[in-house]
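Beneath this line is the structure, given in structure tokens, with notes to follow.
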Protein chains: 2
Amino acid sequence: MRTLKLTVEYDGTDFEGWQVQRHQGAEHRTVQAVLERAFQQILQERVRIVGSGRTDSGVHALGQVAHLRTRSRVPLHRLLRSANSLLPNDVFIRSAVEAPPSFHAQRKARRKRYRYTISLFRSPLTARYAWHVPARLNMALMRREARRLVGRHDFRAFHATGSVATHARRTISALTLRQHRDSITLDIVADGFVYRMVRRIVGTLVAVGRGLYPSVTIQRMARGEPSAPVAPTAPPHGLCLMEVMY
Amino acid sequence: MRTLKLTVEYDGTDFEGWQVQRHQGAEHRTVQAVLERAFQQILQERVRIVGSGRTDSGVHALGQVAHLRTRSRVPLHRLLRSANSLLPNDVFIRSAVEAPPSFHAQRKARRKRYRYTISLFRSPLTARYAWHVPARLNMALMRREARRLVGRHDFRAFHATGSVATHARRTISALTLRQHRDSITLDIVADGFVYRMVRRIVGTLVAVGRGLYPSVTIQRMARGEPSAPVAPTAPPHGLCLMEVMY
């Protein structure tokens with residue numbers, strides 16, 4: 001049995017996320033399903049592709065990582081070329097390497113880096129990959145409040161459902177905001193992310209930048225206080241999974 | 001009568017080019033038509049939008065320039081905001097300024113700058129705005145041959161139809177190739193462009209970079225020799241009209 005580690009890029013616009021899901025019999029177009037279909041056609045066997053984690057509908061990836069196990073002895077470069085020739089234009093396997101049998105794309109992931117792009121001006125040429133925020137944003141304030149979120153915290157306020165039952169302790173090792181001429185990018189590295197955590201951090205920091213959230217609120221959110229408000233969510237199309245670290 | 005000069009950005013993917021055209025009664029989706037409809041709705045009068053020139057189906061623009069004349073006295077910033085609120089997501093008017101009555105977006109244009117982007121790797125996240133060329137390209141050779149095209153030449157070999165009847169003398173004032181990590185960009189400034197000239201120059205330089213076109217062929221093409229081969233055409237989606245100079 002061989003274990004193959006894949007690095008995958010996709011434009012999430014026309015996908016209903018990464019993970020295969022069946023609702024009432026109808027199959028949705030997901031990246032995982034599209035990849036599985038391509039490999040099944042090449043390998044003529046049932047293939048399961050396991051991603052480092054799901055990405056939501058509309059979220060992009062430059063460096064999603066996945067693995068598959070196969071008995072096939074087809075050389076790697078041929079497998080890669082065949083798979084890419086079968087994939088639609090919005091998915092591309094950037095690399096495929098042999099991994100040890102113990103490798104597991106999800107369980108062995110130590111950290112992930114996401115990038116979120118905010119465009120300060122409406123722009124048809126970046127609209128697909130950036131959230132347009134027409135308001136003036138106070139970058140100094142955003143940077144200051146962003147620093148409160150770095151480190152180990154209970155991120156329940158940044159969990160989509162706000163469920164108290166879920167274990168929400170995660171460690172953010174880096175959170176960087178960069179100001180460009182027409183955009184702001186936010187890079188965030190963590191050992192894990194609760195559901196929609198990046199989008200909720202971005203939603204919160206934009207609210208901060210617009211002067212809508214006092215500092216004390218962020219402090220309460222960062223402490224995981226049950227009475228802290230649930231963070232607003234930024235839209236998916238500004239988000240991109242950049243890399244998964246093992 | 002007021003003359004307004006508009007700077008327009010659009011994603012050309014879902015347009016059949018800039019210019020209104022009617023074939024057998026069916027109207028195509030063009031940028032000009034979409035703009036005219038928006039302004040007619042606001043101004044409640046017949047509006048004609050005149051662009052600096054047409055762009056082909058699939059070609060993008062960051063700085064297309066157009067003008068319109070109107071009797072309306074609506075303040076400029078309100079007109080701009082109303083028009084943009086009516087426009088679809090793939091078109092946006094970046095600026096609107098008052099221009100002298102003699103201004104004409106097409107006739108007064110002195111030079112235009114186009115950018116063509118070639119991606120060296122297949123990439124779902126840039127596929128919409130770059131031509132993927134999987135071959136190895138010799139940049140030194142491309143730069144050397146590109147220099148032969150700078151200056152005043154008879155560009156009939158770069159004219160889509162290759163028609164000898166058409167006057168094809170144009171002056172390229174700058175032609176710059178830049179190598180990036182995953183892409184090559186080509187910036188070209190000229191006082192005018194014959195039909196599909198940029199795409200044919202790019203098609204030719206890529207053929208040069210792949211070692212398919214000897215230098216002598218480019219020399220014959222640059223001299224406008226009637227027996228020179230007609231240049232190959234790069235696809236439209238890598239092309240973007242960057243600015244129009246007056």
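Chain letters run A, B, ... following the sequence lines, proteins first and then strands; every chain starts at 1. FYI, side chains are in, hydrogens and waters are out, and symmetry mates aren't considered; it's all heavy atoms of this structure.
More than 12 heavy-atom neighbours from other residues, nucleotides or ligands sit within 6.0 angstrom of CZ on Arg2(B). Applying the 6.0 Å contact sphere to CD of Gln179(B) captures more than 12 heavy atoms from other residues, nucleotides or ligands. Within 6.0 Å of the CZ atom in Arg69(B), the count of heavy atoms belonging to other residues, nucleotides or ligands exceeds 12. Atom CZ of Arg54(B) has 12 or fewer heavy atoms from other residues, nucleotides or ligands within 6.0 Å.
When all heavy atoms are compared, the tightest approach of Leu125(A) to Cys240(B) is CD1-SG, 4.0 Å.
At distances below 3.5 Å, at least one donor-acceptor pair connects side-chain atoms of Arg122(A) with backbone N or O atoms of Val91(B).
Only the side chain of Tyr129(A) comes within contact range of chain B, with at least one heavy atom under 4.5 Å from a heavy atom of that chain. Of the two parts of Ser123(A), the backbone and the side chain both hold a non-hydrogen atom closer than 4.5 Å to a non-hydrogen atom of chain B.
Once rounded to the nearest 0.5 Å, the distance linking CD of Glu9(A) with OG1 of Thr126(B) reads 6.5 Å. The structure places CZ of Arg128(B) at 7.5 Å from OG1 of Thr13(A), a figure rounded to the nearest 0.5 Å.
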